Amino acid sequence: MKKITEYIGSQFGNPHGFVGAVCCLCMNVINQKMYNKIVSLMDAKDGEAILDIGYGNGFLLREINKNFKVKMHGIDISEDMKAIATKRNRRAMQDGRLELQVGNCCELPYEDNMFSTVTSVNTIYFWEDTVKGLSEIKRVLKPGASFLNVVYTKEWLDKMSITKKGFKKYGSEDLVSLGKQAGFENIQVKDIVKGKSFVVIYT
């Protein structure tokens with residue numbers, strides 16, 4: 001049983017194959033309030049570029065596309081998820097409003113000052129170097145733009161058997177401190193579900 005739970009947990013960091021696809025569908029349901037929070041906080045103007053880190057099966061990108069007329073970019077570590085996200089967002093891809101890449105947030109293949117918003121839902125637990133990842137995000141953000149980083153609380157993750165291995169768990173104070181180390185000067189924390197999930201807004 002321990003090996004099964006560890007395997008399922010590993011799929012959240014790098015979803016692949018049938019199990020990875022199923023895990024992403026589960027996350028779409030479980031994370032709905034998180035996606036809604038991101039959309040409500042976004043203030044992207046028509047034609048601006050946004051980046052979603054760890055796009056998974058492309059669910060959040062589809063929601064952003066419904067609400068904003070922006071040029072969407074996404075980067076994810078999983079080749080399998082790129083294929084699934086492409087199918088989910090086929091129209092946006094065909095219209096040239098979405099570009100997906102495989103890679104990681106510690107080496108973003110984008111120009112400086114490129115994005116008006118960067119988003120991420122439940123990916124920071126798996127970053128190889130958290131400060132480097134945040135520094136890369138700061139580099140690609142336009143001056144005054146924000147990174148919306150949505151996570152579950154450490155206490156909530158500690159309750160789950162699948163998060164016992166492979167997850168770096170953070171409290172809000174940890175994420176504020178790491179953001180300051182990366183050079184962010186304005187950092188806000190807002191609850192999504194108190195005691196369960198929150199968003200850190202790095203500007």
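This structure is a prediction, so every number in the text was calculated from the model and none was measured. What's counted below: heavy atoms across the whole structure, side chains too, no hydrogens, waters or symmetry copies.
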Looking at [Y], is its backbone amide N or carbonyl O close enough to the side chain of [X] to form a donor-acceptor pair, meaning the two atoms are under 3.5 Å apart?
| X | Y | answer |
| --- | --- | --- |
| Y125 | V151 | no |
| T153 | G195 | yes |
| E136 | L108 | yes |
| D76 | Y55 | yes |
| K168 | E128 | yes |
| S177 | E173 | no |
| K33 | I192 | no |

More than 12 non-hydrogen atoms from neighbouring residues, nucleotides or ligands closer than 6.0 Å to [atom1] on [X], yes or no?
| X | atom1 | answer |
| --- | --- | --- |
| N36 | CG | yes |
| K69 | NZ | no |
| E111 | CD | no |
| Q181 | CD | yes |

Considering non-hydrogen atoms only, spot the tightest contact between [X] and [Y] and give its length.
| X | Y | answer |
| --- | --- | --- |
| G183 | K138 | O-CE, 2.9 Å |
| L61 | N89 | C-OD1, 3.9 Å |
| A145 | S116 | CB-O, 3.2 Å |
| P109 | Q101 | CG-OE1, 3.5 Å |
| S172 | V189 | CB-CG1, 3.9 Å |

So, taking the atom named [atom1] in [X] and the one named [atom2] in [Y], what distance separates them when rounded to the nearest 0.5 Å?
| X | Y | atom1 | atom2 | value |
| --- | --- | --- | --- | --- |
| L178 | D129 | CG | CG | 9.5 Å |
| S146 | F184 | OG | CZ | 8.5 Å |
| K45 | T117 | NZ | OG1 | 9.5 Å |
| F147 | T119 | CZ | OG1 | 8.0 Å |
| F198 | K37 | CZ | NZ | 13.0 Å |

Quiz item: Step by step, would you call L175 with Y202 a side chain to side chain contact (heavy atoms under 4.5 Å, CB included)?
Solution: CA-CA 10 Å; L175 293 175; Y202 300 93; 3.3 Å; yes
In the structure I gave you, are the side-chain heavy atoms of [X] and [Y] within less than 4.5 Å of one another anywhere?
| X | Y | result |
| --- | --- | --- |
| M42 | I50 | yes |
| F68 | E48 | no |
| I38 | E63 | no |
| T130 | Y170 | yes |

Quiz prompt | Trace of the side chain to side chain contact (heavy atoms under 4.5 Å, CB included) decision for I75 with Y110 | solution = CA-CA 10 Å; I75 189 164; Y110 305 107; 3.9 Å; yes
Quiz item: Is E79 salt-bridged to K82, going by a charged N under 4.0 Å from an acidic O?
Solution: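 No, this pair does not count.
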